[in-house]
Amino acid sequence: MSVGMAAPRAPYACDPESSRGRLFTEPPSRTRSPFRRDCDRVIHSTAFRRLKYKTQVFVFHEGDHYRTRLTHSLEVAQIARALARQLGLDEDLTETLALAHDLGHPPFGHAGERALDACLKDFGGFDHNAQTLRVVTALEHRYPEFDGLNLTWESLEGIVKHNGPLTDREGAPIGRYREHGVPVGIASFDKTYDLELWSFASLEAQIAAVADDIAYDAHDIDDGLRAGLFRVDDLKVMPLMSDIIGAIGAQYPDLDDDRRGAELVRELISHFIGAVFGEAERNLSEAKPQSAQDVRQQRRALIGFPAAAAEQEAAIKAFLYQHMYRHKRVVRVMADAEQILFDLFARYQTSPGDLPPEWLAGAADESEADRARRIGNFIAGMTDRFALTEHQRLFDLTPDLR
């Protein structure tokens, strides 16, 4: 099948009519599948709206045209749906996972995550996947009969396991969780609602994960060019980029740099989508899964980059790390951003009355660990600009973050 054509529903797709259901039983929707309903709930959530003012790389006030967590999530969803459509998977579940994957990110991007992890190191640390799970299972307060969004099992599974299993079959943490264990928020919820942490997630979740990589590689190049951190021709140090830039130059010899950069980003996304699609077809042909459960029982992910594309993608990440993420301008701003969150966390610990009244309900008899997690939840939900405003309210001097 050619790339771009919609495939019929595959036998290994997640079928909304066979969903394992929700933790709290609800009447079915008259007009929407369970997965479409999940996606709509994510879109209408408070946490999703807050992504508009959460940093991807550049703090919101540095420019209106840089990506935010919200626009990043929309771009991930677009790429993920394209791949799901080609492979005959459930597009609604795929979109749900793409749009929800960053709901747990704190303000100020990875700098904010590092700061909160340090603040909570004695209380289980901070993990943005675990925080996303908290958001959709507890922290959203929109429904009369339950906290959270009461998403289907398949959506919760995909949120937690889109990067692969967290444990082995006996429950021992593996991979990135081997040293510090499964994050407390995931481990505690799993006791209530078993997400089978030892198995792989659905193909829909695996697609959302690889779409995340494609999206942020492409748009971070776009944003880095816009910020003047590097130029189009600087990217020629990577063979893939050199080839794409050369082809653009041959077809459009007089193109200005802005349009060259935009064309480069489009071609890069198309290249990686094609590579992932081809690799998925090969893996599925070899594994021959006959159901979504067969996918979960595999010994490896079936969606990913082929070896050559994985090397190309790693080269892009290395370039961006050197020329963008570790650029002195970005590092300086992020160091100040981390300090803002350190200051806020310490202030709320010593003066909990500075928290909003709704965040103090039931706090009188909580343990030190519960209080720390409550403060962490509050800060993680902040937008960049609210964190700055709150810091200005509580402290005499606040960094400008420019």
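Worth knowing before you read on, the calculation uses all heavy atoms, side chains too, and leaves out hydrogens, waters and symmetry mates.
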Can any side-chain N or O of [X] pair as donor or acceptor with the backbone N or O of [Y] at less than 3.5 Å?
| X | Y | value |
| --- | --- | --- |
| Asp336 | Pro399 | no |
| Glu91 | Leu89 | no |
| Glu279 | Ile303 | no |
| Ser19 | Asp15 | no |
| Arg374 | Trp359 | yes |
| His101 | Ala98 | yes |
| Lys236 | Gly246 | no |
| Arg332 | His327 | no |
| Ser285 | Arg282 | no |
| Ser242 | Met238 | no |

Salt-bridge contact [X]-[Y] (side-chain N to carboxylate O under 4.0 Å):
| X | Y | value |
| --- | --- | --- |
| Arg67 | Glu75 | yes |
| Asp234 | Arg231 | no |
| Arg260 | Glu263 | no |
| Asp38 | Arg22 | yes |
| Arg176 | Asp127 | yes |
| Glu338 | Arg114 | yes |
| Arg36 | Asp40 | yes |
| Arg20 | Glu196 | yes |
| Arg226 | Asp258 | no |
| Arg296 | Glu157 | yes |
| Arg347 | Asp354 | yes |
| Arg41 | Glu140 | no |
| Asp92 | Arg32 | no |

Under a 4.5 Å cut-off applied to non-hydrogen side-chain atoms, are [X] and [Y] in contact?
| X | Y | answer |
| --- | --- | --- |
| Pro352 | Arg371 | yes |
| Phe200 | Lys161 | no |
| Leu341 | Ile379 | yes |
| Ile207 | Val276 | no |
| Phe189 | Leu195 | yes |
| Leu203 | Leu284 | yes |
| Phe108 | Leu388 | yes |
| Phe305 | Asp213 | yes |

Nearest atoms (heavy-atom pairs only) where [X] meets [Y]:
| X | Y | answer |
| --- | --- | --- |
| Leu151 | Ile159 | CD1-CD1, 4.1 Å |
| Gly304 | Val210 | CA-CG2, 4.4 Å |
| Pro173 | Gly181 | CG-CA, 3.8 Å |
| Gly148 | Tyr143 | O-CD1, 3.6 Å |
| Leu99 | Ala77 | CD2-CB, 3.7 Å |

**Glu145 CD: over 12 foreign heavy atoms closer than 6.0 Å** =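 Result for CD/Glu145: open.
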**Asked** Would one find more than 12 heavy atoms of other residues, nucleotides or ligands at under 6.0 Å from atom OH of Tyr321?
**Response**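 Open: at most 12 neighbouring heavy atoms sit under 6.0 Å from OH of Tyr321.
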**Pair Phe230 + Phe319: ring centers closer than 6.0 Å** =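 They qualify: ring centres under 6.0 Å apart.
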**Item:** Sub-6.0 Å ring centroid separation between Phe386 and Tyr53
**Value:**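 Ring centroids of Phe386 and Tyr53 are no less than 6.0 Å from each other.
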**Prompt:** Which of parallel (below 30°), tilted (30 to 60°) and perpendicular (above 60°) describes His219 and Tyr216?
**Reply:**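 Tilted: the ring planes of His219 and Tyr216 meet at 30° to 60°.
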Taking atom types as modelled, find out whether [X] and [Y] have a side-chain donor-acceptor pair closer than 3.5 angstrom.
| X | Y | result |
| --- | --- | --- |
| Ser367 | Asp370 | yes |
| Thr68 | Lys54 | no |
| Asp294 | Gln298 | no |
| Glu390 | Tyr348 | yes |
| Thr398 | Gln392 | no |
| Asp212 | His72 | yes |
| Asn377 | Gln131 | yes |
| His271 | Gln312 | yes |
| His128 | Asp102 | no |

Between atom [atom1] of [X] and atom [atom2] of [Y], what is the distance when rounded to the nearest 0.5 Å?
| X | Y | atom1 | atom2 | value |
| --- | --- | --- | --- | --- |
| Leu240 | Ile245 | CG | CD1 | 9.0 Å |
| Glu95 | Ile43 | CD | CD1 | 5.5 Å |
| Thr152 | Phe35 | OG1 | CZ | 5.0 Å |
| Leu320 | Ile316 | CG | CD1 | 7.5 Å |
| His141 | Phe146 | NE2 | CZ | 11.5 Å |
| Asp400 | Leu397 | CG | CG | 12.0 Å |

**Request:** Would you please test Asp168 and Trp198 for side-chain contact (heavy atoms from CB on, under 4.5 Å) and show each step?
**Result:** CA-CA 5 Å; Asp168 61 21; Trp198 52 269; 5.9 Å; no
**Request:** Could you give me the CA-CA distance, side-chain angles and deciding distance for Leu229 and His323, then say whether side-chain contact (heavy atoms from CB on, under 4.5 Å) is met?
**Result:** CA-CA 7 Å; Leu229 302 184; His323 293 87; 5.8 Å; no
**Worked verdict on Arg300 versus Glu286 for salt bridge (charged side-chain N to carboxylate O under 4.0 Å, His left out)** = CA-CA 12 Å; Arg300 63 188 178 100; Glu286 180 182 311; 3.5 Å; yes
**Request:** Apply salt bridge (charged side-chain N to carboxylate O under 4.0 Å, His left out) to Glu366 and Arg373, showing your working.
**Result:** CA-CA 10 Å; Glu366 67 186 356; Arg373 184 60 60 185; over 6 Å; no
